[in-house]
Amino acid sequence: MSLVATRFAPSPTGPLHIGGIRTALFNWLFSKNNKGKFYLRIEDTDKERSKDKYKDQIIESLKWIGIDHDDKEFIQSENINNHKEIAEKLLKNGFAYKCYCSEDEIKEQKENAKKKGIPFVYNRKWRNPEGLEVPKDIKPVTRFKSKISGDNSIEDLVQGKINISNSTLEDFIIQRKDLTPTYQLSAVVDDHEMNITHVIRGDDHKINTFKQKQIYEALNWKLPYFAHIPLIHSESGSKLSKRDNASTIDDYIKMGIMSDALRNYLLRLGWSYKDKEIFTLNESIELFNLKGVGKSPSKLDITRILSLNEHYIKNIDEEKLLKLLKTYSSNFKKEIDDNKNKQIIKSIKFLKNKAKTLEDIYQNAQYILKDDIEISSEYLKLLDDSSKAILKDFTLDFEKIIQINKENLEIIIKKLIEKNKTNFKGVGQPLRIALTGSKFGPGIYDIILSLDKNEVLKRLKKIN
RNA sequence: GGUCCCAUCGUCUAACGGUUAGGACAGGUGGUUUUCAAUCACCUAAUCGGGGUUCGAUUCCCCGUGGGACCGCCA
């Protein structure tokens, strides 16, 4: 058994959002840093909302960002018999009891509490069933016999010591009326069976910890370490939810964000190491620790993601960038034909300098990717007679060039500028429009040099 | 409402109780430039408020204020 084991335990009730990805990342990083294990557990005990397609999507998302789990993923519902057995054991040993309250009764208690402005805590009616008659028409739930008095505390690896008064904890349900176990029970049983040593999760689970701790104690099981990391907030300032826009991994992939960039962004969101901003995967494994995790929630900042992405686009190996671009294009745009590879590699040096996303590269490479350049009427208007004359002159000179390079092109263009008493723009803009169909894009020399000579001539002649 | 947690530039964050409170992103100004960019130089910008403790608080304590999480037969 290894010293450290962590797990990521999402419920497959929707696509993973990046808060979840970050939790997974921190767990993964922590276990890698400690040369331990990292497991994935699919918490699918809510049968109505759990979907296989989400399970697959979650696994895909993790894989995309570079997180791999040890062993096969653990499916919580497959362990349901064990959960039930433990519930029985708790019942038998007096740590839990059957509660025959009807749903209406509970509802009434809740409304009363609301009216009085006091917090709702189930009134523990069936904790002591003496003198109560068991109703025949009600299937009972199983409740855990929570401590009523005293204080309780946990030593959290991120939050420090957290105290709570036991009186605020209710006798929570561990088994539904259909006898299926609830989260509080299943999570504890599975964490125990999987020998999880460190539970790293969002701090929305903080209160659960006190409930779960009591289950551990009742069973005489060793309590794992807990680390509750602060949540990621949306721009609006509240907990990131599945309903927020652009918060799933797929949304970022679609935007043309690369996994390294997102990984780096998520790493630095809530965690820091001195002044360091850029971390390779290996660096992040070596340097990650729980001490560096802050306590306050952080806001999602898309410009930061973009700027990190820009950094990675500029620094990644060009062959790899081409591969990513092609994957991106075939997934979300138009497939890039292999016969364009050589040309793109040649151009990627300057294309990547003006891109924040893969989509930007794709857009700026349109003049290469499209065999037929279309010029919108708006731009066509810019090509007046004098511009056309310049293009014609350029064509004549260009045809004569034997060795096409920047120096030779400069000579021609300089000559044209002088002859027409204009500036570089006077020559550059018509050329750009003729060759790319756009006013924006890479430098003129870059464009010409990256196109085949015949292709340049073809495009120029089409204008005149 | 109850319980718990949090609080440094707009954002992400540094700072053994002693720093001109640092960095990054964004923003601004200027240089370079054929468009858009990129790039280079420089600049703006923060310790939530009030009390303590201390020779000295961003840092420790208390109160307030603000924000968040939880309060499901969801996980």
Side-chain angles (χ1 to χ4, degrees), chain A residues 9-13 43-46 48-50 76 99 101 103 106 110 113-121 139-143 156 158-160 162-165 167-170 172-184 186-187 201-210 228 230-231 233 235 237-239 265 268-278 292 294-308 310-311 314 350-356 360 364 413 417 423-429 431-433 436 438-447:
Chain A
S11 61
T13 53
E43 305 214 326
D44 59 342
T45 51
D46 183 344
E48 268 174 41
R49 296 197 301 152
S50 295
Q76 186 159 65
C99 163
C101 283
E103 285 176 41
I106 298 290
K110 270 187 193 173
K114 212 175 173 182
K115 245 185 257 169
K116 287 187 193 156
I118 55 170
F120 166 72
V121 175
K139 284 187 190 160
V141 295
T142 308
R143 286 183 185 270
D156 192 282
V158 167
Q159 311 273 339
I162 309 170
N163 296 304
I164 201 171
S165 161
S167 61
T168 61
L169 256 29
E170 70 166 337
F172 54 95
I173 294 171
I174 55 173
Q175 214 174 6
R176 304 183 183 97
K177 67 177 174 209
D178 64 2
L179 296 181
T180 57
T182 65
Y183 164 74
Q184 307 290 6
S186 303
R201 55 185 7 173
D203 71 13
D204 49 342
H205 281 286
K206 242 183 319 192
I207 304 293
N208 288 334
T209 308
F210 289 94
H228 289 96
L231 301 175
H233 286 177
E235 319 253 352
S238 60
K239 175 183 171 181
Y265 174 75
R268 277 287 285 99
L269 197 61
W271 179 84
S272 64
Y273 179 79
K274 298 181 182 171
D275 276 345
K276 198 168 165 60
E277 299 286 349
I278 304 296
K295 287 183 174 187
S296 48
S298 33
K299 260 184 210 157
L300 208 56
D301 181 8
I302 185 69
T303 47
R304 191 59 167 272
I305 300 178
L306 251 17
S307 108
L308 242 10
E310 188 181 345
H311 174 269
K314 286 207 175 89
F350 53 81
L351 287 174
K352 71 181 182 182
N353 275 333
K354 37 199 347 147
K356 280 188 159 56
D360 290 347
N364 276 324
I413 289 183
I417 291 173
N423 53 18
F424 194 101
K425 197 178 171 187
V427 179
Q429 178 156 300
L431 265 176
R432 180 191 305 283
I433 292 174
T436 71
S438 170
K439 253 167 79 177
F440 314 107
I444 289 297
Y445 295 123
D446 286 334
I447 294 169

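So you know, we letter chains A, B, ... as the sequences are listed, proteins then strands, and number each from 1. What's counted below: heavy atoms across the whole structure, side chains too, no hydrogens, waters or symmetry copies.
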* **Neighbour count above 12 (heavy atom, 6.0 Å) for A:K139 NZ** => no
Practice prompt. Report yes if at least one side-chain N or O of A:R49 is closer than 4.0 Å to OP1 or OP2 of B:G72; otherwise report no.
Written response: no
Side chains of A:S167 and A:S165: is there a donor and an acceptor less than 3.5 Å apart? yes
Winner on side-chain proximity to A:L231, out of B:U3, B:C74, B:A69, is B:A69
CD1 (A:I417) and CG (A:N423) are apart, to the nearest 0.5 Å, by 7.0 Å
- [ ] Quick one: label A:S165 by what it contacts on the DNA or RNA (base, sugar-phosphate, nothing), any heavy atom closer than 4.0 Å.
- [x] nothing
Judged by nearest nucleotide, the residue sitting upstream toward the 5' end of RNA chain B, A:K299 or A:I207, is A:K299
The reported gap from OG in A:S50 to CD in A:Q76 (rounded to nearest 0.5 angstrom) is 9.5 Å
Against the side chain of A:S272, the closest entry in B:U3, B:A14, B:C73 is B:A14
*Could you give me the CA-CA distance, side-chain angles and deciding distance for A:T45 and A:T182, then say whether side-chain contact (heavy atoms from CB on, under 4.5 Å) is met?*
CA-CA 7 Å; A:T45 51; A:T182 65; over 6 Å; no
With no hydrogens and no angle check, just 3.5 Å: does a side-chain donor-acceptor pair link A:R432 and A:T436?
no
By nearest-nucleotide position on RNA chain B, the 5'-leaning member of A:G270 and A:Q175 is A:G270
Of the listed B:C74, B:C5, B:C73, the closest approach to the A:Q159 side chain comes from B:C5
Give one of base, sugar-phosphate or nothing for A:K206, where a contact means two heavy atoms less than 4.0 Å apart. sugar-phosphate
A:K239 side chain near B:A69 phosphate (N/O to OP1/OP2, under 4.0 Å): no
Margin query: For a quick check of understanding: with a heavy-atom distance under 4.0 Å over all strands, which category does A:K276 fall into, base, sugar-phosphate or nothing?
Written below: nothing
Taken to the nearest whole Å, CG/A:L300 to C1'/B:U11 is 11 Å
d(A:Y265 OH, A:L308 CG) to nearest 0.5 Å is 9.0 Å
Next item on the list: Sticking with atom P, work out how far B:C6 lies from B:C48, rounded to a whole angstrom.
Entry: 15 Å
Taking the P atom in each of B:C4 and B:G64, what is the distance between them to the nearest angstrom? 13 Å
From CG of A:L306 across to C1' of B:C12 the rounded distance in Å is 15 Å
Expressed as a whole number of Å, how far does the P atom of B:C60 sit from that of B:A14? 14 Å
Between NE2 of A:H311 and P of B:U39 the distance, given in whole Å, is 10 Å
- request: Go through the N and O atoms of the side chain of A:N364 and the base of B:A37, and report whether any donor-acceptor pair is under 3.5 Å.
  value: no
Item to complete: Please check the phosphate of B:C74 (OP1 and OP2 only) for any side-chain N or O of A:T45 closer than 4.0 Å.
Response: no
| request: Determine the interatomic distance between P on B:C40 and the same-named atom on B:C25; round to the nearest Å. | output: 10 Å
A:I305 CD1 to B:U11 P, in whole Å, measures 16 Å
Determine the contact category for A:H233: base if any of its heavy atoms lies under 4.0 Å from a base atom, sugar-phosphate if only primed atoms, P, OP1 or OP2 are that close, otherwise nothing.
sugar-phosphate
For B:C9 and B:G50, measure between their C1' atoms and round to the nearest Å. 23 Å
Across all chains, not counting sequence neighbours, the side chain to side chain contact (heavy atoms under 4.5 Å, CB included) partners of A:N163 are A:S153, A:K161
So CG of A:L269 and NZ of A:K299: to nearest 0.5 Å the spacing works out to 12.0 Å
**Request:** Can you label the angle between the A:Y445 ring and the A:F424 ring as parallel, tilted or perpendicular, going by 30° and 60°?
**Result:** perpendicular
Heavy-atom contacts, protein to nucleotides 41-46 of chain B, under 4.0 Å, summarised as B (base), S (sugar-phosphate only) or - (none) per nt, yield ------
Self-check item: Integer angstrom distance from the C1' of B:U19 to that of B:U35
Solution: 46 Å
NZ (A:K356) and OG1 (A:T303) are apart, to the nearest 0.5 Å, by 9.5 Å
In whole angstroms, the gap separating P of B:C5 from NE2 of A:H205 amounts to 18 Å
Checking N1-N3 plus N6-O4 or O6-N4 for Watson-Crick, or N1-O2 and O6-N3 for wobble, each under 3.5 Å, the partner of B:U20 is none
dist A:R304:CZ -> A:I302:CD1 (nearest 0.5 Å) comes out at 12.5 Å
Rounded to whole Å, the OH-C1' distance (A:Y265 to B:C12) equals 7 Å
task = Provide the distance between the two C1' atoms, one in B:A7 and one in B:C63, to the nearest whole Å.
result = 15 Å
If pairing means Watson-Crick or G-U wobble with both distances under 3.5 Å, then the partner of B:G56 is none
Query raised in the report: If you measure from the P atom in B:G10 to the same atom in B:G49, how many Å do you get, rounded?
Result: 13 Å
Against the side chain of A:S296, the closest entry in B:A38, B:A75, B:A7 is B:A7
Pairing partner of B:U33, by Watson-Crick or G-U wobble and under 3.5 Å for both distances, is none
task: Using a cut-off of 6.0 Å, state whether more than 12 heavy atoms not belonging to A:K425 lie near its atom NZ.
output: no
Here the distance between atom P of B:C74 and atom CZ of A:R201, to the nearest Å, is 18 Å
Ranking B:G72, B:A75, B:U3 by distance to the side chain of A:E170, first place goes to B:G72
The Watson-Crick or G-U wobble partner of B:U47, with both key distances under 3.5 Å, is none
Letter by letter from the 5' end, nucleotides 21-35 of chain B scores (B base, S sugar-phosphate only, - none; protein heavy atoms under 4.0 Å) -BBBS--------BB
Re B:G1: Watson-Crick or G-U wobble partner, both distances kept under 3.5 Å, found to be B:C71
Taken to the nearest whole Å, CG/A:D204 to P/B:G72 is 15 Å
Across every strand shown, the nucleotide meeting Watson-Crick or G-U wobble geometry with B:U65 (both distances under 3.5 Å) is B:A7
Regarding the side chain of A:K314, the nearest nucleotide among B:U3, B:A75, B:A38 is B:A38
